[in-house]
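Working notes for the structure below.
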Amino acid sequence: MMTGFQKNCRVVRELIRLRFQNLMMFRLGFFGPFFVDGSMFAIQLLVFRAVYSNIDRIGSWGEGEVILYIGTFSLLNAVSMVICFFGVIDIAPKIQSGEMDLYLTKPVSPLLRLTFEKVNPGSVPLVAMSVLIIIYGAWKARIELTAGKIAAYLFWFAVMELLYYFMEVLMRCIAFFTVSTAKMERLEEAGLDLCMKLPGIALYGVWKLIFYCFLPYGIMATLPVQSMVGEMSWKLGLFGIAVVGFFGGLTCFTWKKGVRRYNSASS
């Protein structure tokens with residue numbers, strides 16, 4: 001008998017297969033994002049180069065660590081775009097239009113389907129370029145890439161990618177309770193834009209409280225880099241896990257509460 005995990009794996013595999021079939025029917029839709037994302041990445045690097053060209057250090061980080069941070073944040077964004085971003089951003093429109101009914105009546109988790117139904121292979125080059133920037137940043141910072149450091153970095157990257165996903169879903173679950181999510185999405189964009197340019201170690205006082213605890217974009221790329229450069233303490237590690245656990249629980253609670261509210265409103 002098929003377990004729930006096996007069933008979900010089969011559903012995800014089928015969603016990805018159908019997505020690739022649809023994309024390959026329109027070759028421009030498949031290959032176009034390769035050029036667009038690559039161009040955006042190049043422009044982003046030029047902007048960061050201009051911003052940090054006259055700065056020697058940010059806190060304890062030099063140029064190499066900052067480049068590593070930029071690459072890490074870019075990789076978080078790129079992996080999200082490949083796997084789930086284009087599905088997740090449809091949550092609010094589907095709630096507001098009533099199209100969510102089609103997902104709630106299917107014998108599979110609606111959030112699982114929304115997460116994986118619009119994978120975007122066009123962002124894979126952005127993943128590859130981000131990895132190259134990370135490697136260059138590690139070389140520039142003269143970091144000895146031992147197996148332990150790489151494992152720690154990959155662990156914290158995976159944990160922060162999960163946090164990135166939780167925040168994306170949480171911001172759009174607000175559509176269950178409000179008419180518009182435009183302000184929340186602008187808040188998300190502003191937080192990501194600021195923290196993509198400014199490492200968490202440069203934040204102090206109320207700004208650190210906001211971007212470490214309430215809108216935790218400040219730790220998403222900071223903690224993986226700190227784990228690689230040897231600045232990760234056990235207290236900071238516990239804090240990172242606690243933040244991810246809290247926002248994971250909050251996202252699950254908000255989603256379930258919103259689905260129940262949506263059902264009662266449409267019955």
Side-chain angles (χ1 to χ4, degrees), residues 41 44-45 47-49 51-53 55-80 126-168 188 190-250:
F41 185 79
Q44 186 183 77
L45 287 178
V47 170
F48 281 124
R49 185 65 181 173
V51 170
Y52 288 104
S53 60
I55 300 176
D56 293 328
R57 303 193 70 82
I58 297 179
S60 61
W61 289 3
E63 183 182 3
E65 288 84 357
V66 171
I67 293 173
L68 183 58
Y69 175 85
I70 293 168
T72 300
F73 217 123
S74 180
L75 185 61
L76 285 166
N77 179 60
V79 171
S80 174
L126 187 57
V127 172
M129 287 184 280
S130 299
V131 171
L132 291 176
I133 292 300
I134 290 169
I135 294 172
Y136 175 70
W139 174 80
K140 190 77 174 177
R142 299 181 180 178
I143 299 171
E144 183 181 354
L145 295 178
T146 63
K149 288 182 179 180
I150 294 173
Y153 178 86
L154 292 176
F155 170 78
W156 282 107
F157 178 85
V159 171
M160 292 299 107
E161 188 67 58
L162 197 58
L163 177 61
Y164 197 104
Y165 170 74
F166 288 149
M167 293 301 296
E168 286 180 330
E188 177 188 47
L192 284 170
D193 186 62
L194 173 64
C195 292
M196 188 176 249
K197 295 181 174 66
L198 194 63
I201 62 165
L203 299 172
Y204 293 94
V206 66
W207 296 110
K208 189 167 186 176
L209 178 65
I210 292 172
F211 290 109
Y212 268 56
C213 299
F214 298 109
L215 294 171
Y217 302 116
I219 69 172
M220 288 180 180
T222 302
L223 295 192
V225 174
Q226 287 184 302
S227 71
M228 183 174 283
V229 301
E231 295 180 355
M232 175 66 72
S233 66
W234 67 268
K235 290 183 180 180
L236 184 59
L238 286 178
F239 171 77
I241 296 295
V243 170
V244 176
F246 172 78
F247 279 96
L250 180 61

> Quick one: does Glu231's side chain get under 4.5 Å of Leu236's, heavy atoms only?
Replying inline: no
_Set out, in order, the CA-CA distance, both residues' side-chain angles and the distance that settles side chain to side chain contact (heavy atoms under 4.5 Å, CB included) for Phe239 and Cys213, then state yes or no._
CA-CA 9 Å; Phe239 171 77; Cys213 299; 4.0 Å; yes
Leu76 backbone acceptor or donor facing Ser80 side chain under 3.5 Å:
no
Nearest heavy-atom approach of Pro199 to Trp61 is CB-CZ3, 3.5 Å
Here the gap from Thr72 atom OG1 to Asn77 atom CG, rounded to the nearest 0.5 Å, amounts to 12.5 Å
Value for CG (Leu68) from CD1 (Ile133), rounded to nearest 0.5 Å, stands at 10.5 Å
In the structure I gave you, are the side-chain heavy atoms of Ile201 and Tyr69 within less than 4.5 Å of one another anywhere?
no
On a heavy-atom basis, the closest approach of Pro216 and Met220 is O-CG, 3.5 Å
Does some side-chain heavy atom of Tyr217 sit less than 4.5 Å from a side-chain heavy atom of Met196?
-> no
Rounded to the nearest 0.5 angstrom, the CE-CZ distance for Met160 and Phe155 is 8.5 Å
One should read off an interatomic distance between Phe211 CZ and Leu192 CG, to the nearest 0.5 angstrom, of 9.5 Å
| field | Step-by-step side chain to side chain contact (heavy atoms under 4.5 Å, CB included) determination, Leu75 to Glu161 | value | CA-CA 9 Å; Leu75 185 61; Glu161 188 67 58; over 6 Å; no
| message | Check the orientation of Tyr164 and Phe73. Use parallel for under 30°, tilted for 30 to 60°, and perpendicular for over 60°. | response | perpendicular
Heavy-atom nearest pair, Ile134 first then Gly71, reads CG1-C, 3.6 Å
Between Leu223 and Gly240 the two heavy atoms that sit nearest each other are CD1-CA, 3.8 Å
| Are Val66 and Glu63 close enough that some pair of their side-chain heavy atoms sits under 4.5 Å apart? | no
Walk me through it: do Met228 and Phe157 pass the test side chain to side chain contact (heavy atoms under 4.5 Å, CB included)? CA-CA 11 Å; Met228 183 174 283; Phe157 178 85; over 6 Å; no
I want to check something: taking the side chain as every heavy atom from C-beta on, are Val229 and Lys149 in contact at a cut-off of under 4.5 Å? no
Can you tell me if Thr222 uses its side chain to pair, donor with acceptor, with the backbone of Ile219 under 3.5 Å?
no
query: Would you call Val243 and Tyr212 a side-chain contact if the rule is heavy atoms closer than 4.5 Å?
result: no
To the nearest 0.5 Å, atom CD of Glu65 lies from atom OG of Ser60 at 7.0 Å
So CD1 of Ile67 and OH of Tyr136: to nearest 0.5 Å the spacing works out to 5.0 Å
